[in-house]
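Here's the structure we're looking at; comments come further down.
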Amino acid sequence: MSLLVKICGLSTRETLETALDAGADMVGFVFFPPSPRHVSLETGRDLGRQVKGRALKVALTVDADDATFDNIVDALSPDILQLHGQESAARLRDIKQKFGRPVMKAVPVATSADLAVLPGYAAVADRILFDARAPKDATRPGGLGAAFDWHLLEHLDLKLPYMVSGGLDADNVAEALRVTGAGGADVSSGVESAPGVKDPELIKAFIRAARATQELSVR
Ligand SMILES: O=C(O)c1ccccc1N[C@@H]1O[C@H](COP(=O)(O)O)[C@@H](O)[C@H]1O
């Protein structure tokens, strides 16, 4: 399967267009008010319309309730729900059943003990997204530009597609993909000039760098 590149935290028409033009497979929209990338339902609806099937639309939420999902599904019509909070496997099952969308569960990683949750999620999630565990006092559980030790995933045996994220940028994405064996890479801070401000040149450079790893592996 070909490598998936996700650009997350898009909030303007211009930077969304850059990501789509540059060939992003997934574009992510953050529905989490404490985040500098949070988009309103109205903006999500507008950006969602702009995608027009050129990439998969991902709605990022953190421990959202059913009413919030109802509103997001109505506004964005996401292809994937990214669950970036402490949602249990039972809650994943419930969300899938109620909203009929594939779910990508973010798993925070700091030590090998963090991987113990995988068997529970593997039975219900459609995809896993490994991200750096946020510090206890962080205002959000991700999007902090921090990486984790990718070697923790080196011998992973997961019968589910997975992506890597956390502190990625154009300079380190190739190494992150090589070490983790992930089928995709997800970035937010690494393509920004300031928190929440996406930089078109950094978006293009990230997608180019990730795609270059794909060319290497088919040779
Ligand atoms: O981007 C955010 O603000 C955010 C808020 C809450 C949960 C997750 C968030 N972002 C996701 O975190 C990872 C890593 O981001 P970064 O590249 O290190 O900035 C990525 O999946 C973002 O989509």
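Just the heavy atoms: all of them, side chains too, but no hydrogens, waters or symmetry mates, feed the values below.
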Donor-acceptor check, side chain of [X] to backbone of [Y], threshold 3.5 angstrom: yes or no?
{"X": "Ser189", "Y": "Gly145", "result": "yes"}
{"X": "Asp126", "Y": "Met104", "result": "no"}
{"X": "Tyr162", "Y": "Thr180", "result": "yes"}
{"X": "Lys96", "Y": "Val124", "result": "yes"}
{"X": "Ser188", "Y": "Cys8", "result": "yes"}
{"X": "Arg211", "Y": "Phe206", "result": "no"}
{"X": "Thr68", "Y": "Ala64", "result": "no"}
{"X": "Lys105", "Y": "His84", "result": "no"}
{"X": "Asn172", "Y": "Asp169", "result": "yes"}

To the nearest 0.5 Å, what is the distance between [atom1] ([X]) and [atom2] ([Y])?
{"X": "Ser11", "Y": "Arg37", "atom1": "OG", "atom2": "CZ", "answer": "9.5 Å"}
{"X": "Asp186", "Y": "Ser165", "atom1": "CG", "atom2": "OG", "answer": "5.0 Å"}
{"X": "Ser88", "Y": "Asp94", "atom1": "OG", "atom2": "CG", "answer": "8.5 Å"}
{"X": "Asp199", "Y": "Lys204", "atom1": "CG", "atom2": "NZ", "answer": "9.5 Å"}
{"X": "Thr61", "Y": "Leu81", "atom1": "OG1", "atom2": "CG", "answer": "6.5 Å"}

Closest approach of [X] and [Y], non-hydrogen atoms and distance?
{"X": "Val39", "Y": "Phe31", "answer": "O-CD2, 3.6 Å"}
{"X": "Ala59", "Y": "Ile72", "answer": "CB-CG2, 3.7 Å"}
{"X": "Gly184", "Y": "Leu177", "answer": "O-CD2, 3.7 Å"}
{"X": "Leu20", "Y": "Ala55", "answer": "CD2-CB, 3.6 Å"}
{"X": "Leu158", "Y": "Ala122", "answer": "CD1-CB, 4.3 Å"}
{"X": "Pro119", "Y": "Leu115", "answer": "CD-O, 4.1 Å"}

Between Asp46 and Thr43, does any side-chain donor sit less than 3.5 Å from a side-chain acceptor? no
Flag yes if [X] and [Y] sit in one hydrophobic cluster, no otherwise; membership is Ile, Leu, Val, Met, Phe, Trp, Tyr, and two members link when side-chain heavy atoms are under 4.5 Å apart.
{"X": "Val73", "Y": "Phe32", "value": "no"}
{"X": "Leu10", "Y": "Val62", "value": "no"}
{"X": "Leu156", "Y": "Val164", "value": "yes"}
{"X": "Leu60", "Y": "Ile7", "value": "no"}
{"X": "Leu76", "Y": "Val103", "value": "yes"}

Strictly below 4.0 Å, N to O, side chains only: are [X] and [Y] in salt-bridge contact?
{"X": "Arg93", "Y": "Glu87", "answer": "no"}
{"X": "Lys159", "Y": "Asp157", "answer": "yes"}
{"X": "Glu42", "Y": "Arg45", "answer": "no"}
{"X": "Asp114", "Y": "Arg133", "answer": "yes"}
{"X": "Asp66", "Y": "Arg91", "answer": "yes"}

Looking at side-chain heavy atoms only, is the closest gap between [X] and [Y] below 4.5 Å?
{"X": "Leu47", "Y": "Arg13", "result": "yes"}
{"X": "Asp25", "Y": "Leu56", "result": "no"}
{"X": "Ile203", "Y": "Lys198", "result": "yes"}
{"X": "Val173", "Y": "Thr213", "result": "no"}
{"X": "His38", "Y": "Pro33", "result": "yes"}
{"X": "Gln82", "Y": "Met26", "result": "no"}
{"X": "Met163", "Y": "Leu129", "result": "yes"}
{"X": "Pro78", "Y": "Val58", "result": "no"}

On the 0 to 90° scale, with breaks at 30° and 60°, tag the Phe69-Phe99 ring pair as parallel, tilted or perpendicular. tilted
Check the orientation of Phe130 and Phe148. Use parallel for under 30°, tilted for 30 to 60°, and perpendicular for over 60°. tilted
Determine, step by step, whether His151 and Val179 satisfy the side chain to side chain contact (heavy atoms under 4.5 Å, CB included) criterion, reporting the C-alpha distance in whole Å, the side-chain angles of both residues, the deciding distance to 0.1 Å, and the verdict. CA-CA 6 Å; His151 292 278; Val179 175; 3.7 Å; yes
What verdict does the salt bridge (Lys or Arg N to Asp or Glu O under 4.0 Å) test give for Arg178 and Glu154, after you've listed the backbone C-alpha separation in whole Å, the side-chain angles of each residue and the deciding distance to 0.1 Å? CA-CA 9 Å; Arg178 188 189 67 77; Glu154 222 165 13; over 6 Å; no
Determine, step by step, whether Thr12 and Thr15 satisfy the side-chain hydrogen bond (donor to acceptor under 3.5 Å, both in side chains) criterion, reporting the C-alpha distance in whole Å, the side-chain angles of both residues, the deciding distance to 0.1 Å, and the verdict. CA-CA 6 Å; Thr12 67; Thr15 53; 2.6 Å; yes
Are Val107 and Leu118 close enough, and set up right, to give a side chain to side chain contact (heavy atoms under 4.5 Å, CB included), and what steps lead you there? CA-CA 8 Å; Val107 170; Leu118 288 175; 4.2 Å; yes
State which residues pass salt bridge (charged side-chain N to carboxylate O under 4.0 Å, His left out) with Asp149; sequence neighbours excluded, sorted by chain then number. none
Return yes when atom CD of Gln86 has more than 12 non-hydrogen atoms of other residues, nucleotides or ligands closer than 6.0 Å, and no otherwise. no
